[in-house]
Participant: 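What follows is a single structure, and I will ask about it in a moment.
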Amino acid sequence: MNIFQDDINNEFDRIKKTLSEGNPLTLEDLKIILLAELNEEDLHESKQ
Amino acid sequence: MKVSNKEACATKNAHPTIALLQLTRLGDLIQTVQAVQNFRKTHPQYRMVLIARSQFAKPLNFLLQKYFDKVYTLDTQAIFHDQHTAGLSKSLNGINVFISELKSENIDALINLSFSKSSSYLASLIPAVHKIGSFHDFNNKVQINDKWSQVLYSTVMRGSLNPYSLVELFKNIIGITPSEPVVSAAQSAMPRANLIVVHPFASNDRKAWKAEKWVEVIYKTLKDNDKCTVTLVGAKNEVLKSQIITENPLLKPFSARLINVTGKTSIEELSQVVANAKLFVGHDSMVGHLAAINNTPTLTISLGNVRPHETTPFQTNAYNLAPRTKCFPCFPSDPCAYTQCHHDIPYQLVSNVIKQLMSGNEIDAEWIKSSNSGFHLSSVNFYRSRFQNGMFTLDSLIEGHLDVADIFRTFYKITWSFVINNVEDNYPIPKLTPNSHRDLLDALTGLQHLFELSEFGQKYSRFILEEISSSTPSIAKIKEFSKKIDEIDHLQEMVQKTSPYLAPIIDYFKVRKGNLFGDNIVKLTESSYYCFEENAQLTSVMYELIQNTIAEYKIGNNKNSRSDLNK
């Protein structure tokens, strides 16, 4: 079980909905996307 | 909608703060240092801070502290610690702490040099009066408002036609005048050991030769240079690979002069080892940049997705051997079963070059021709770096051979400098072959199309502005003109398919069009007009350069045919 990944997936569903409805993101949304990106880069880095 | 900078301190600081955001790897961090090396001396009134990832910045702290007033490190290991059980809230807290630290810095200009998605999102969260480089807006769209970042975004890693070294691009983005790196008297007077530092590894397999080839190079080098020592360097995860080389039976007789420190040095210690050497030899990696910062001569073997013009160590007399393989340089995602480019650089040539450099002799076109087999030269490009008016330049050392890509890179260098910086660069007119002549003729046709499309773009942008300012603006007409502009944008992309050497102009145009200024139709249309105008200027400059080159080629051909007739 990975609570972080579950949280990210839920937040991403919400963010996608926000954007599809034509609404702007918030600073909190940008922070969540940033964390997801950093996490992905770290995983990629650890494979190298 | 754009990210608000309201939180940033708008009051004027006595020492305005420039923050460089560089989240990518060690090599990029060293190149960032090279970009700002002279800046501290020439602009002491600025406070310069760096924002980097902990895992890359900490090992380089010995270097970074010389050039930055403060280094903020983003420690993702701490941020993601216990993520499986602690979830998102703990990581969010970590990011909030980091951003509030940066908030207290009152940044005047935030310059994002890393162009990764994470750096772009981080740039949108850091309060700053001005933002340069990419950042995301609240509609999740990438914003790049300065021209040099747009050039970087549209050319680097998009093909092989970027003419600039990354250090030079960083300088242009920051606004630093191009200049040669200053070598201190102490640095040039420093005695060097009869030592060659070899880093035979790279961040991925397609960028590095297999061990056997390095064994051949090291064997020949130790055999030919009986007083020199070879030191193998590398990271902890490269220890096994280094042992495959050192334990090869061919190298056993030389074990006293082959030292393996792979995985045994910190980067600071590695920097000292490189600083003490007469030569560094290796693939494109952080160690080459570390050598350049220590003024140690370098020989780089570029393979796979490495672009020599972007990453050759930023110093005078940096040598770079690159294959002429058709698919070189590739993209990391391209499938590659055979790594033909690895076979196209002969180890004999590398050993010969090392011998020549270790004997303190110059390498020039004459030596290359007279001292190396034509077979070994037929599949390589060989470059040497120099500075021309402060600009980093790679000259081809193989007489009579100039790739079409080399010719276009020179043209792009002249074109970007002229259009963006209003600076005229002078380079000799390249000599064409029948093949490159044909490619240039194709490009002329493409440029004609691009120029016409830019003229149409300006015309329809003007029509929209005229319609808006009329007493009874027609929405239908405005829509019709906008549709025409969309068609023009689409047609530009079609030109790219038939004239691939024009890709940088077309890609740059796309990035420019995607970042128009303004929050209403008038301002956006004006911005679109200027974008087409600039595109017309770019195509005109490029057209003139190609035309002049072709004219020179024709004059040369006529002279030759006349002298043939006289024979």
Side-chain angles (χ1 to χ4, degrees), chain A, chain B residues 1-4 6-7 23-26 53-56 74-99 114 116-127 135-141 201-205 207 235 237-238 332:
Chain A
M1 198 174 73
N2 184 338
I3 299 178
F4 175 84
Q5 202 52 55
D6 291 346
D7 287 349
I8 287 281
N9 291 344
N10 292 335
E11 288 295 331
F12 263 38
D13 288 342
R14 183 185 58 73
I15 288 168
K16 273 182 200 161
K17 197 169 169 243
T18 307
L19 288 169
S20 67
E21 287 168 355
N23 295 320
L25 300 179
T26 64
L27 281 173
E28 288 309 296
D29 295 335
L30 291 174
K31 284 176 196 167
I32 289 161
I33 304 173
L34 166 65
L35 282 169
E37 291 295 339
L38 288 170
N39 188 45
E40 202 158 302
E41 283 172 18
D42 275 8
L43 286 174
H44 179 73
E45 193 69 33
S46 66
K47 282 180 197 158
Q48 285 201 350
Chain B
M1 181 178 269
K2 291 190 177 164
V3 168
S4 162
K6 277 178 196 163
E7 288 174 272
L23 292 193
T24 39
R25 311 185 74 196
L26 294 160
R53 295 183 76 143
S54 233
Q55 72 242 54
F56 305 130
L74 179 64
D75 188 350
T76 48
Q77 264 188 345
I79 285 173
F80 295 129
H81 185 64
D82 287 342
Q83 60 163 237
H84 290 241
T85 50
L88 183 61
S89 58
K90 186 183 161 283
S91 303
L92 265 175
N93 189 43
I95 281 292
N96 283 332
V97 170
F98 186 66
I99 289 167
S114 33
S116 62
K117 272 190 183 176
S118 60
S119 72
S120 181
Y121 281 106
L122 182 57
S124 59
L125 293 165
I126 299 170
F135 61 93
H136 274 76
D137 67 10
F138 286 123
N139 291 320
N140 203 31
K141 190 176 162 287
F201 319 112
S203 55
N204 69 54
D205 286 346
K207 284 163 68 175
N237 62 348
E238 291 162 341

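Chain naming here is simple, since letters A, B, ... match the order of the sequence lines and numbering starts at 1 in each.
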Participant: Say you draw a straight line from OG1 of A/Thr18 to CG of B/Asn140; how long is it, rounded to the nearest 0.5 Å?
Facilitator: 10.5 Å
Participant: Please list, chain by chain and in numerical order, all residues satisfying salt bridge (Lys or Arg N to Asp or Glu O under 4.0 Å) with B/Asp205, sequence neighbours excluded.
Facilitator: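 B/Asp205 satisfies salt bridge (Lys or Arg N to Asp or Glu O under 4.0 Å) with B/Lys241 once adjacent residues are dropped.
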Participant: With a 4.5 angstrom heavy-atom cut-off, is it the side chain or the backbone of A/Thr26 that approaches chain B, or both, or neither?
Facilitator: backbone
Participant: Show which side-chain atoms of residues 86-93 of chain B pair as donor or acceptor with protein atoms under 3.5 Å away, not counting sequence neighbours.
Facilitator:
{"unit_1": "B/Lys90", "atom_1": "NZ", "unit_2": "B/Ala78", "atom_2": "O", "d": "3.3"}
{"unit_1": "B/Lys90", "atom_1": "NZ", "unit_2": "B/His81", "atom_2": "O", "d": "3.0"}
{"unit_1": "B/Ser91", "atom_1": "OG", "unit_2": "B/Ile79", "atom_2": "O", "d": "3.0"}

Participant: Determine the sole option in A/Asp29, A/Leu19, A/Leu30 for which the side chain to side chain contact (heavy atoms under 4.5 Å, CB included) test with B/Phe138 is passed.
Facilitator: A/Leu30
Participant: Which of residues 31-41 of chain A have a heavy atom under 4.5 Å from any heavy atom of chain B?
Facilitator: A/Lys31, A/Ile32, A/Ile33, A/Leu34, A/Leu35, A/Glu37, A/Leu38, A/Asn39, A/Glu41
Participant: Is B/Leu122 close to chain A through its backbone or its side chain, or both, or neither, when contacts mean heavy atoms under 4.5 Å?
Facilitator: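 Contact with chain A is through both the backbone and side chain of B/Leu122.
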Participant: A quick test of your reading: do over 12 heavy atoms of other residues, nucleotides or ligands sit less than 6.0 Å from NZ of B/Lys141?
Facilitator: yes
Participant: With a 4.5 Å cut-off on heavy-atom pairs, point out which of B/Leu74, B/Asn96, B/Ile99, B/Asp82 contacts chain A the most.
Facilitator: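 Highest number of heavy-atom pairs under 4.5 Å: B/Asn96.
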Participant: Could you check which of B/Gln77, B/Gln55, B/Gln83, B/Arg53 has the highest count of heavy-atom pairs closer than 4.5 Å to chain A?
Facilitator: B/Gln83
Participant: Applying salt bridge (Lys or Arg N to Asp or Glu O under 4.0 Å), which residue pairs with at least one partner in residues 18-27 of chain A are found, sequence neighbours left out?
Facilitator: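 Pairs touching residues 18-27 of chain A that pass the test: A/Lys17-A/Glu21.
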Participant: Measure distances from B/Phe56 to the heavy atoms of chain A and classify the residue's part below 4.5 Å as side chain, backbone, both or neither.
Facilitator: side chain
